[in-house]
Every structure is written in structure tokens, then in C-alpha cells.
Amino acid sequence: MAVTPLDILHGILSPTALILFLVTYVAYAFIDYAARRRRMPPGPLGLPWVGNRHQVPSIKPWRQFAKWNRQYGSVVSLFLGRTPVLVLGTAQAAWDLLEKRSDIYSSRPRFIMAGEILSDNKRGLMMPAGENWRKFRKVYHSGFHSRRADTYRDVQSLESKLLMYQLLHEPKDFEKHIQRYAASVIVSVVYGKRVDSVDEWIVKENMAAMGYMTSLNIPGKYIVESWPWLLKLPRSLQWFRHMPERRRQRDIKLLTHLLQDVQTRIETGTCPPCLAADALEDQEKMGIDELQVAYTVSSPFGAGIETTSGSLLVFVQFLLVAMLHHPDTMRRAQAELDAVIGQDRMPDWADDDSLPYVRAVINEVMRWRPVAALGGAPHASTVDDEYNGMFIPKGTTVFANLDGIMRDPETFPNPEAFLPSRWLSGSALCSTNPRLQLYTFDLPFGFGRRICPGQHLASNSVFINIARMLWAFEFEPVSKGVLPDPWEFTNGSNSWPKSFECRMQVRSERIGECIEREWEGAKEGLGRWQ
Ligand code: HEM
């Protein structure tokens with residue numbers, strides 16, 4: 001009897017054939033997954049297609065990452081969908097890959113929704129390595145390299161005097177005042193204009209734009225991140241585009257308006273030196289158009305406000321918790337400040353080298369709870385590589401898990417304890433590594449060519465305010481024995497203490513008078529940034 005096409009179709013669709021096909025497909029997927037995993041660094045076993053996605057918590061994933069580093073070693077691999085991922089759990093592994101091999105580990109993974117669709121690849125933090133990103137870094141290097149950052153010390157000190165005055169009179173609102181400080185410094189150094197409150201529209205609008213951007217970056221939220229082929233559909237069928245593209249128009253309006261305002265003030269001679277003014281001046285030489293300048297200079301809204309205020313809030317929490325376990329921390333820092341500064345002037349920039357214990361407290365705050373817990377943003381590799389006999393494929397997403405790196409007991413013995421003395425030479429806990437000394441510690445700012453370009457500006461803010469707060473105030477819990485939970489931190493990719501209470505009391509009448517005096521003297525200077 002002749003076999004008709006219908007018979008063949010029947011055969012193909014028969015339950016036995018379908019089961020056979022499914023079994024073969026699943027077996028192939030497992031074999032393919034095992035083959036991809038085999039030569040890569042060790043890590044938790046996942047599943048074909050999804051990889052380890054189901055094992056990575058969407059909230060504070062750095063804690064699970066650190067557990068895997070303890071279990072499998074300093075370099076752990078996993079898969080998010082089909083994307084290979086590395087988690088680096090020690091400073092040495094991060095230096096080896098992200099710094100010594102920075103020519104191949106300095107890109108970023110694809111951010112389809114936030115980077116490509118919303119921002120048209122114009123936001124530097126998410127830009128892949130390449131010509132545009134190099135131009136972005138150039139703007140930041142000339143705007144915030146070490147000596148240039150020091151030219152902003154004046155406005156940072158004036159804003160800090162206002163912060164001390166506010167803490168003296170409204171200590172309960174310390175979180176709000178610290179956030180205001182961080183926002184005003186950023187708006188000043190970027191657009192040459194300060195703000196009195198985080199409620200001013202320039203801060204609110206920019207933070208709203210950042211908030212929307214972060215809401216697009218939630219793993220698993222948008223199917224196109226896993227299935228980029230959806231971008232090949234006709235535009236009108238790409239339903240996920242419509243909202244972010246509308247939002248992009250709003251961002252462009254905001255950012256170009258801010259840049260044009262700077263241009264107008266430059267023309268009338270009323271704009272103090274700032275990043276936007278520098279970038280406008282160099283625009284032609286660098287070959288970047290006005291819209292790219294507008295996007296480039298706006299990065300500190302996402303990268304510099306929460307990180308700076310978050311680090312200062314970690315400091316306050318740190319002191320409260322230290323009171324219970326290491327009550328000598330605050331006293332020792334204050335004894336050093338009293339000996340070097342006295343009570344009739346505030347600590348200033350020139351005092352940094354004379355305050356080693358205060359510097360040690362700062363380093364320990366930044367180590368104990370790094371605000372950029374997952375290393376800020378992941379790096380991505382651009383070619384196949386091998387490390388200690390392990391294969392790392394091109395296109396691997398690399399997390400330098402700062403939260404785990406700072407708690408690596410080989411690098412930081414007794415890592416859970418906050419021991420500023422570990423930073424003092426002569427202490428048994430002090431590392432011999434030249435990168436981990438009192439004045440060289442830069443791990444909180446990331447690695448290699450992607451290292452935070454605002455690190456000098458940020459370090460200056462952190463130093464001046466922590467030194468002055470320690471000099472001026474006693475920090476106590478609001479009721480005896482009631483301490484903030486040192487693990488209660490916000491969930492975003494930058495993580496800082498959830499709202500908590502603290503009693504700040506001025507240490508003496510003389511110090512109180514000095515704060516009032518300094519603030520009176522600062523008003524005129526701040527007026528120039530209004
Ligand atoms: C205490 C405060 C700060 C901390 C802890 C911090 C930390 C970081 C970290 C960990 C990264 C990622 C580095 C990497 O990929 O390896 C980063 C990137 C970045 N930071 Fe900061 N940062 C702070 C303040 C600032 C400030 C004040 C600015 C701007 C004035 C700034 C601008 C940037 C920019 C633009 C990037 C992206 C660089 C790139 O992708 O090439 N940051 N920061």
C-alpha cells in the first residue's frame with residue numbers, strides 16, 4: 001500500500017514520535033548546558049534555558065553570591081538564561097581580571113530596555129566599551145580627576161557647614177539633611193547651581209528619570225532582555241517600546257533644558273566652573289553633539305547622590321552599633337580630633353593627613369557596608385579568556401561582588417567586626433597589600449577602566465562630613481539599648497540603611513558656637529552658587 005503525505009504527518013504527530021522528539025530535545029539541551037558549563041569556573045548547577053535564574057534572589061542577590069563564593073571559590077560561574085555570569089568574591093580575582101585584563105573586561109552587558117530603548121545608548125554607565133564610552137570617560141576625567149576634584153572642595157566645605165548647622169538645630173531630620181547635602185553638591189558641580197532641598201524640581205525630575213530607568217532594569221521583568229530577536233519585529237508590534245520611548249522624549253526635554261540654562265549663564269558670565277560648562281567648551285574638540293553632552297553630564301544624578309548620602313548614613317548607623325560592641329571607636333576618634341583641631345575651628349581639608357584614626361573609621365565604614373554592594377554595575381568580557389585553567393566565554397557578565405569582597409576573611413580577618421584599627425600600620429590585622437593601606441583603599445569605587453570617575457569628589461565629601469560630624473556630635477540611640485538593625489538595608493542596586501532614629505547632641509557649647517559662626521561666614525560663599 002502506498003504511503004501518503006497524510007500518513008507521514010500522522011507518523012510525525014503520533015504520540016510516540018512526539019515523546020521521542022521531546023526526550024531528544026531535552027537530552028540535547030542538558031548535554032549542551034553541561035558542555036557549556038564543563039570548562040567554566042565552578043558554581044551552582046542550574047537548568048537548561050533558565051540557567052540559575054530561579055536560584056538568584058531578586059532582592060539583595062549579593063548575599064547569595066557571597067554564599068556561593070564561600071562554597072565554590074573566589075570565581076563562581078552561573079547562567080542567567082543563556083548568558084554566562086561570573087561572580088568575583090575576592091579583591092585579588094577582581095584585580096586579576098578587571099584591572100590586569102581591563103582591555104577585555106571593560107564592557108557592559110546589554111541593557112536593552114534601559115540602555116538601548118529608553119536612553120538610545122547615551123547613558124555612560126550602561127554604555128558598552130567603544131568610542132562613545134571613551135568620550136564619556138574623557139569628559140569625566142577632565143571634570144573630576146584628582147586635582148580638578150579638589151577645586152570643588154570650596155563648595156563641598158560650604159555645603160558641609162550648612163549640614164552641620166542643620167544637624168545642630170534639627171538633628172532628628174539627619175537623613176533629610178544628609179541627602180540634601182549630597183544632592184546640592186552634585187547639582188553644583190554639574191550645573192553650577194546649588195539647591196536648598198531635595199524637593200527642588202531639578203532634583204525631583206532627575207531622580208524620577210533615574211527611578212524610571214532603574215525600574216526597567218529588573219531581571220526577568222521584560223521578555224525582550226532574554227529574547228532580543230523581538231527587536232526584529234516591526235516597530236509598531238514591539239509593545240514594550242512605547243512607554244520608554246515616550247519617557248525618552250521627556251528626558252531629552254529635561255536634559256537639554258538644563259544644558260541650555262548653563263549655556264545662557266555662561267554667556268552672561270554668571271556660571272561658576274562646573275562639569276556642564278567644561279563639557280560645552282570641549283564639545284567640538286571631542287566631537288560630541290549637544291544631546292550627548294546633555295546625557296553625559298547627567299550621570300551623577302544616578303551615580304553620585306545616593307552613593308554619597310548612603311555612605312554617610314552607613315557611618316551614622318555604624319557609630320550607633322559600634323557604641324554597643326566597640327564603645328572606644330567614637331571616643332578614640334574624638335580624642336584625635338580634639339588633640340589636632342581643638343574646639344574653636346572645624347576640621348578642614350589640610351587636616352586629613354593628621355587624622356589617621358578618622359581616616360581609618362572612614363575606610364572601615366566603606367568596607368563594612370559598601371553602598372554599591374554589587375560593584376555598581378556589572379562588567380562584560382569582549383573575547384574568550386582563560387583564568388587559572390578555567391574558561392570564560394566572550395560576552396560573560398562579570399559581577400565584582402563588593403559586599404562579599406569586603407567580607408572575605410583572607411583579605412579582612414574577622415570581617416564582620418568593625419575594627420578601624422585594621423587600617424593602622426602596626427596593627428596585627430593591617431594588610432601588607434599596598435592597595436589596602438590607609439590612604440590607598442579604593443575598592444568601594446570599583447575596578448579598572450570602569451572605576452568610578454567621581455571617586456575623588458566622593459571621597460572628599462565623605463571625609464569632610466565624617467570628620468566634622470565626629471568632631472561636633474555625640475551619637476546615641478534614642479532609647480537605651482534600642483539600636484538600628486545593622487542588616488536592615490534598602491533593596492536597590494545601591495543599598496543603604498533603611499530609615500532609623502539617632503540622637504545627635506553637640507559635644508560642647510564651644511563647638512555649638514563654632515558651628516553657628518562658621519555657618520554665618522559660609523552664607524556669602526554659598527550665595528555665589530545660588
Ligand atoms: C561614595 C560615593 C560613591 C561610590 C561608593 C561609588 C561607586 C561606584 C562604583 C562601584 C562604580 C562602578 C565601577 C565599576 O564598574 O567597576 C561607579 C561608577 C560610576 N560612578 Fe561612582 N560612586 C560614588 C560617587 C560618585 C560620584 C560623586 C559621581 C559623579 C560625580 C560618580 C559617578 C560615576 C559614574 C559616571 C560611573 C560610571 C562609570 C563607567 O561606567 O564608566 N560616582 N561608582
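Owing to the predicted nature of the structure, the values given are computational and were not obtained by experimental measurement. Heavy-atom basis, side chains included; hydrogens, waters and symmetry copies ignored. Numbering of ligands and ligand atoms starts at 1, following listing order.
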Min N/O separation [X] to ligand 1 under 3.5 Å:
{"X": "Tyr140", "value": "no"}
{"X": "Trp133", "value": "yes"}
{"X": "Arg450", "value": "yes"}
{"X": "His379", "value": "yes"}

Fill in: Donor + acceptor pair across side chains of Glu364, Trp423 (<3.5 Å)
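Judged by distance alone, the side chains do pair up.
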Worksheet entry | Distance-only side-chain donor-acceptor flag, Gln156 / Ser461, under 3.5 Å |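 There is such a pair (donor and acceptor under 3.5 Å, judged by atom type) between the side chains of Gln156 and Ser461.
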Worksheet item: Is it the side chain, the backbone, both or neither of Arg137 that has a heavy atom closer than 4.0 Å to ligand 1?
Response: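 The side chain, only.
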Worksheet item: For Tyr105, what residues pass the ring pair (Phe, Tyr, Trp, His ring centres under 6.0 Å) criterion, not counting sequence neighbours?
Response: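 Tyr105: no ring pair (Phe, Tyr, Trp, His ring centres under 6.0 Å) contacts found.
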Practice prompt. Measure from atom 10 (C) of ligand 1 to every heavy atom in Pro444, Ser461, Ser309 and give the option owning the shortest one.
Written response: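 It is Pro444 that holds the nearest heavy atom.
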Item to complete: Looking only at non-hydrogen atoms, find the nearest pair between Leu258 and Trp201 and report the distance.
Response: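 Looks like CD2-CH2, 4.0 Å.
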Worksheet item: Does Tyr222 have its ring centroid less than 6.0 Å away from the ring centroid of Phe111?
Response: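 Aromatic pair excluded; centres sit 6.0 Å or further apart.
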Worksheet entry | Phe475 ring center within less than 6.0 Å of Phe315 ring center |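 For Phe315 and Phe475, the ring centres are under 6.0 Å apart.
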Discussion item. Measuring from non-hydrogen atoms of Arg108 to any atom of ligand 1, is the shortest distance under 4.0 Å?
Written reply: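 Yes; Arg108 lies near enough to ligand 1 that a heavy-atom distance drops under 4.0 Å.
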Item to complete: Mark the output for Val371 as yes if a heavy-atom distance to ligand 1 is under 4.0 Å, and as no if none is.
Response: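 Under 4.0 Å: no for Val371.
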Discussion item. Taking the cut-offs as 6.0 angstrom to the six-membered ring centre and 45 degrees off its axis, would you call Arg367 and Phe412 a cation-pi pair?
Written reply: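 So Arg367 does make the cation-pi contact.
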Practice prompt. Can you measure from CG (Asn69) to CZ (Arg407) and round to the nearest 0.5 angstrom?
Written response: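 Between Asn69 CG and Arg407 CZ, I get 12.5 Å after rounding to 0.5 Å.
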Discussion item. Check for me: within less than 2.8 Å of atom 21 (Fe) of ligand 1, which protein N/O/S atoms show up?
Written reply: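 Less than 2.8 Å away from atom 21 (Fe) of ligand 1 sit Cys452 SG.
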